[in-house]
Amino acid sequence: MEKGESALVAEMRDNLARMRELGVEPYPRRSERTHVSSEIVEAFDTLEGTEVAVAGRLMSVRGHGKAGFADLVDGGGKVQLYVRKDEVGEEQYELWKLVDVGDIVGARGEVMKTKTGEVSVKVKSVAVLAKALKPLPEKWHGLKDKELRYRHRSLDLIANDDSRRVFLLRSRMLRVSREFLWERGFVEVETPILQPNYGGAFARPFTTHHHSLGMDLYLRIADELYLKRLIVGGIERVFEIGKDFRNEGMDRTHSPEFSQLELYQAYADYHDMMEITESLVARLAVELLGTTKVTWGDREIDLSPPWRRLTVRDALVEAVGEEALGSAAALAAAAKAKGLDVEAPVEFGPLAEDVLSTLVEPKLVEPTFLIDYPKAISPLAKETPEDPETVERFEFFIGGLELGNSFTELNDPDEQRRRFELQEAQREGGDAEAQGMDEDFVFALEHGMPPTGGLGIGLDRLAMLLTGAPNIRDVILFPPMRPDRQA
RNA sequence: GGGCCGUUAGCUCAGCUGGUAGAGCACCUGCCUUUUAAGCAGGGAGUCGCUGGUUCGACCCCAGCACGGCCCA
């Protein structure tokens, strides 16, 4: 036994060696498969008595002396193998006895049913397709340890059906989202992840360096400014599904690397974006879950449109009272009275955002569009007709989760330049999350961008909602983790 | 960043008031040609997260650290 190697591993390695002694290559190049397990189980009546070839992982082996049963799991599900010494012969039965739970095997044989009614393959020949050298997690508790599940997702997927379901559902979420947008005439594109400037959101970026250009580049924090260039370019309905990166804290709902769907539609505004949002989310629920009702914690949430529209102003009035909205000082006082940790001096916009995220958003369990935000915290959105300090913007919330952000896009290039300049001043004033000037984006706007509605949806959180997952890491296949430093 | 909780066999977990560690699954040996959490009999398996400290003696008490979880900022 090598250092650190358990007895179980030694046994599996020993079986590997003995397979080779029998002249069997445990990692062959070729395999055969005529059916996946689900096909055999579902079409048993027509397949009974015919010969099939199956392949997959052995998840359970039950020996009976000169015979044995095993559960073979493949992409379709599970089918039982029935291996008899008098069917496979002496040599093959020797090989069968060297097979461990976890091994990838192929088997050829006749479709049959046991007397207990289990659809099975009565094996004529068996092949080892990949010998496993490490034991699987326990068979009926699965792999529970969250750390191990996140660090070793392959094991989690083998051992936990729930985990596999989550990620298959997530895949279908992407597919249905694309179908939905294609039906509406949207075009999928890819824009740069490595960017000389970052923008489109408030966040600290990840910085990297390109050696041959001799320059620093940023990993994008949003897709927005490139997608709007495409609207200028005449691609009137455009979307991108991809990763954004924000160099911020991690918690139950934040991952530094996360997936976002962003879409832009020319000749549309944020009302149209609300309709798209409601329709898409409801469609996803129906297609993936068969119902518009999702379970979230101990609540049931109905995602059927139309969703509630709540103005930021009304939300703030309800949270801190109308008097508090008169000035930044009044709002600060009211926020402090509600227990918020307010550091003076704070401007109205960021303060309002604080109040919203602490006192309002967690209560937005039923699907809600929070609409009409302060301009000061929305440098890319167009003003409302009623109030130049308010913009046509919404964020939407379900189950207390912020799931997305949308504007009627600002398309006045001069106004956009002024907004960027204000942001730059804030950045110089020490706000690391303020957005920088993007001259090339303004250059594009100067050629004329049609009135446009834009929308971003956080796909990880949407996947959380649709699967009931309490932690964003539960819906990210390989979530970022600190290195596992063994002493 | 702060508070609380966790880390014991490959996995899931027990472990009392400090006296050198247990179960189930998995694994090994034997029996078993329709089992499916197969069964019966027997057996092996541990750096108790890491480093220090207290103590005659530490999985257990104390301190620090690491990783993770929940909550708060």
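Fair warning: this is a prediction, and the values are worked out from it, not measured in the lab. Hydrogens, waters and symmetry mates play no part in the numbers below; they use all other heavy atoms, side chains included.
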Aromatic ring pairing A:Phe369/A:Phe396, orientation class (parallel under 30°, perpendicular over 60°, tilted between): tilted
Chi angles and distances behind the salt bridge (Lys or Arg N to Asp or Glu O under 4.0 Å) call for A:Asp474, A:Lys146: CA-CA 9 Å; A:Asp474 296 329; A:Lys146 283 227 169 193; 3.4 Å; yes
Rounded distance in Å - CG (A:Asp145) to C1' (B:rG10): 13 Å
Sugar-phosphate, base or nothing in reach of A:Glu118, heavy atoms under 4.0 Å: base
Rounded P spacing from B:rG42 to B:rC62 in Å: 42 Å
Nearest listed nucleotide, side chain of A:His64, among B:rG24, B:rG68, B:rU35: B:rU35
Integer angstrom distance from the P of B:rC13 to that of B:rC72: 25 Å
Salt bridge A:Glu94-A:Lys97, side-chain N to carboxylate O under 4.0 Å: yes
Atom of A:Ala334, atom of A:Val320 and distance for their closest heavy-atom approach: CB-CB, 3.9 Å
Shortest non-hydrogen separation from A:Val312 to A:Leu356 and the atoms involved: CG1-CD1, 4.0 Å
A:Arg309/A:Glu278 salt bridge by N-O under 4.0 Å criterion: yes
Sugar-phosphate only, base, or nothing, as touched by A:Gly142 at under 4.0 Å among non-hydrogen atoms: sugar-phosphate
Sugar-phosphate only, base, or nothing, as touched by A:Met12 at under 4.0 Å among non-hydrogen atoms: nothing
Span that lies between the P atom of B:rG19 and that of B:rG24, in whole angstrom: 23 Å
Pairwise C1' distance for B:rG22 and B:rC40, with rounding to whole Å: 23 Å
Gap between atoms CG and P, on A:Asn471 and B:rG69 respectively (whole Å): 6 Å
Salt bridge (Lys or Arg N to Asp or Glu O under 4.0 Å) evaluation trace for A:Asp100 with A:Lys131: CA-CA 8 Å; A:Asp100 292 302; A:Lys131 181 79 193 80; 2.7 Å; yes
Pairwise P distance, B:rU8 and B:rG49 [rounded to whole Å]: 6 Å
Between P of B:rC32 and CZ of A:Phe69, the distance in whole Å: 16 Å
Nearest-angstrom distance from the residue atom NZ of A:Lys115 to C1' of B:rU33: 11 Å
Whole-Å distance separating the NZ atom of A:Lys66 from the C1' atom of B:rC31: 9 Å
From B:rU35, B:rG68, B:rU12, nucleotide with atom closest to A:Arg151 side chain: B:rG68
Side chain of A:Leu143 (C-beta onward), nearest among B:rC27, B:rG68, B:rC11: B:rC11
Residue closer to the 5' end of RNA chain B, A:Val101 versus A:Ala70 (nearest nucleotide): A:Val101
Under the 3.5 Å Watson-Crick or G-U criterion, the dot-bracket string of RNA chain B, with | for inter-strand pairs: (((((((..((((.....[..)))).(((((.......))))).....(((((..]....)))))))))))).
Interatomic distance at P, B:rC50 relative to B:rU55, whole Å: 23 Å
C1' gap between B:rG57 and B:rU20, integer Å: 9 Å
Carboxylate-amine/guanidinium contact A:Arg308 A:Glu366, below 4.0 Å: no
Over all atoms of both residues, closest heavy-atom pair of A:Val294 and A:Leu289: CG1-CD1, 3.5 Å
Nearest-neighbour nucleotide for the A:Glu138 side chain, B:rG68, B:rC11, B:rC27 considered: B:rC11
A:Met112 side chain reached by A:Glu48 side chain, heavy atoms, under 4.5 Å: no
Syn or anti for B:rU20 (syn when the glycosidic angle lies within 90° of 0): syn
Ion pair check, A:Arg170 and A:Asp460, cut-off under 4.0 Å: yes
Whole angstrom value for the distance that separates C1' of B:rG68 from NE2 of A:His152: 13 Å
Close residues, residues 123-136 of chain A, relative to RNA chain B [heavy-atom separation under 4.0 Å]: A:Pro135
Carboxylate-amine/guanidinium contact A:Glu300 A:Lys293, below 4.0 Å: no
Short side-chain N/O contact to B:rG68 OP1/OP2 from A:Arg482, under 4.0 Å: yes
Whole-Å gap separating P (B:rU35) and CE (A:Met112): 11 Å
A:Arg252 side-chain proximity, nearest of B:rU34, B:rC11, B:rC70: B:rC70
Distance, rounded to the nearest Å, where A:Leu340 contributes CG and B:rC72 contributes P: 13 Å
Contact list for RNA chain B against residues 76-96 of chain A - heavy-atom distance below 4.0 Å: A:Gln80, A:Tyr82, A:Arg84, A:Asp86
Carboxylate-amine/guanidinium contact A:Lys85 A:Glu90, below 4.0 Å: yes
Short side-chain N/O contact from A:Arg149 to OP1 or OP2 of B:rG68, under 4.0 Å: no
Between B:rC28 and B:rG44 - P atom distance, rounded Å: 15 Å
Nearest-nucleotide comparison on RNA chain B, the residue closer to the 5′ end among A:Ser60 and A:Lys122: A:Lys122
CZ/A:Arg33: more than 12 non-hydrogen atoms of other groups inside 6.0 Å: yes
